[in-house]
Chemist: 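This structure is in C-alpha cells; I'll ask about it shortly.
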Amino acid sequence: MKNNPTAPLIKDALSIRSRYVRAVNIGRDLNDANALDGYLMTDTVRHALTRLCQGLMGTSSQRAWRITGSYGSGKSAFGLFLANLFTHPINKRSAVGRLLDEEGPELLALTKKLPRYEVIVITGTRSDASIALASALLE
C-alpha cells in the first residue's frame, strides 16, 4: 500500500491539551495559579471529596483515607486540588472555586465548612518518614 500525500494524517485530527503533557508534581505545582486549569471533576473525585469533607467534620470519627490508582490516573492532580482547597479561601476567582461552583451548591457548601490547613508536601522516598517530615517542615 502506497502513502497518499494528500490523505489526512491522524496527528492532524488529534490534539492534546497542555494539561496532559506533563505529570503533576504537588511540590512544584502548589503555587502555580494555572496548575489546575483543565482539571475535571469526575464522579470519583466528587465521591472522594464528599467523603473527605464529611470525615473532617467535628462530629465524624473517620480520620483515615486511602487514594489508590494506576499510574497516570490523577492521584497527584487530586492531591494538588485538595492542597489548594485546604490552603486558599474559596472564591469564584480561584481555580478551586470555579470548579466547585460548576459542581453545584451542595459540594460548594460542604467544602466551605472546612477549616483552612497548612499543607506540608512530602514526596515519597526510601528514607525514614520522620526525616522526610522534618525536611518538609524546614522548607
Side-chain angles (χ1 to χ4, degrees):
M1 182 174 187
K2 292 184 176 182
N3 289 343
N4 182 348
T6 60
L9 301 174
I10 292 174
K11 72 175 182 90
D12 295 330
L14 301 176
S15 66
I16 300 173
R17 292 184 192 168
S18 61
R19 139 152 224 84
Y20 303 106
V21 175
R22 68 174 177 85
V24 169
N25 178 298
I26 299 172
R28 177 194 64 214
D29 297 334
L30 186 57
N31 295 314
D32 181 353
N34 299 317
L36 288 173
D37 287 351
Y39 185 70
L40 299 174
M41 294 281 284
T42 64
D43 288 339
T44 303
V45 168
R46 281 187 288 278
H47 179 70
L49 181 59
T50 300
R51 287 186 57 211
L52 187 73
C53 290
Q54 290 170 341
L56 290 172
M57 297 297 168
T59 56
S60 175
S61 61
Q62 181 182 358
R63 293 290 187 260
W65 300 271
R66 176 182 62 233
I67 299 173
T68 60
S70 306
Y71 178 82
S73 62
K75 301 176 297 294
S76 292
F78 182 58
L80 181 63
F81 172 81
L82 290 177
N84 277 277
L85 172 68
F86 290 139
T87 57
H88 304 296
I90 299 170
N91 61 57
K92 292 187 180 196
R93 292 186 312 267
S94 69
V96 170
R98 287 190 307 268
L99 286 164
L100 291 170
D101 190 49
E102 291 171 6
E103 289 303 310
E106 297 85 17
L107 194 55
L108 183 60
L110 189 60
T111 56
K112 282 195 172 189
K113 294 177 185 176
L114 294 174
R116 299 298 124 212
Y117 295 96
E118 182 67 36
V119 172
I120 300 169
V121 178
I122 301 174
T123 301
T125 63
R126 293 181 184 223
S127 67
D128 185 279
S130 61
I131 293 171
L133 178 59
S135 295
L137 287 170
L138 285 173
E139 287 182 30

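In this text the structure is predicted, and so the values were computed from the model without any measurement.
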Chemist: Could you check whether any side-chain heavy atom of L82 comes within less than 4.5 Å of a side-chain heavy atom of L49, counting everything from C-beta outward?
Modeler: yes
Chemist: If we only count heavy atoms from C-beta on, is the N84 to L30 side-chain gap below 4.5 Å?
Modeler: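 N84 reaches L30 side chain to side chain.
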Chemist: Which atom pair, heavy atoms only, marks the closest approach of V119 to A83?
Modeler: CG2-O, 3.7 Å
Chemist: Between CE of M41 and CG of L100, what distance do you get to the nearest 0.5 Å?
Modeler: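 The CG atom of L100 is 5.5 Å from CE of M41, to the nearest 0.5 Å.
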Chemist: Just to verify, what does S127 make a side-chain hydrogen bond (donor to acceptor under 3.5 Å, both in side chains) with, not counting sequence neighbours?
Modeler: T125
Chemist: Which label fits Y39 and F81: parallel for a plane angle under 30°, tilted from 30 to 60°, or perpendicular past 60°?
Modeler: parallel
Chemist: For a quick test of reading the model, state the closest non-hydrogen atom pair linking D29 to A23 and the distance between them.
Modeler: OD2-O, 4.3 Å
Chemist: Over all heavy atoms of both residues, which pair between A95 and L36 is shortest? Give the atoms and the distance, please.
Modeler: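 Shortest heavy-atom separation between A95 and L36 comes out as CB-CB, 3.9 Å.
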Chemist: For residues 104-130, which residue pairs pass the salt bridge (charged side-chain N to carboxylate O under 4.0 Å, His left out) check, not counting sequence neighbours?
Modeler: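 For residues 104-130: none.
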Chemist: Counting only N and O atoms by type, is there a donor-acceptor contact under 3.5 Å from the side chain of S60 to the main-chain atoms of L56?
Modeler: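 Pair absent, no side-chain N/O of S60 close to backbone of L56.
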Chemist: Show me the donor-acceptor pairs, under 3.5 Å and distance only, between side chains in residues 70-78 and residues at least two apart or in other chains.
Modeler:
| residue | atom | partner | partner atom | Å |
| --- | --- | --- | --- | --- |
| S73 | OG | S70 | N | 3.4 |
| S73 | OG | S70 | O | 2.7 |
| K75 | NZ | G69 | O | 3.0 |
| K75 | NZ | S70 | O | 2.9 |

Chemist: Hey, could you give me the OG1/CG distance between T123 and N25, rounded to the nearest 0.5 Å?
Modeler: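 Going from the OG1 atom of T123 to the CG atom of N25 covers 6.0 Å.
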Chemist: Count the heavy atoms of every other residue, nucleotide or ligand shown that sit under 6.0 Å from CG of N31, and state whether that count exceeds 12.
Modeler: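 Open.
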Chemist: List, by chain and then residue number, the residues other than I122 in its hydrophobic cluster (Ile/Leu/Val/Met/Phe/Trp/Tyr, side-chain heavy atoms under 4.5 Å); write none if there are no others.
Modeler: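 Noted: I122 shares its cluster with I120, L133, L137.
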Chemist: Consider only side-chain heavy atoms of I, L, V, M, F, W and Y, link residues closer than 4.5 Å, and tell whether V121 and W65 are in one cluster.
Modeler: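 Yes, V121 and W65 fall within the same hydrophobic cluster.
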Chemist: I need the full list of salt bridge (charged side-chain N to carboxylate O under 4.0 Å, His left out) pairs touching residues 48-69, with sequence neighbours left out, sorted by first then second residue.
Modeler: none
Chemist: What is the distance from atom CG of D32 to atom CD1 of I26, rounded to the nearest 0.5 Å?
Modeler: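 Rounded to the nearest 0.5 Å, the CG-CD1 separation comes out at 13.5 Å.
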Chemist: Taking salt bridge (Lys or Arg N to Asp or Glu O under 4.0 Å) as the test, write out the residues that go with R46, two or more places apart.
Modeler: D43, E103
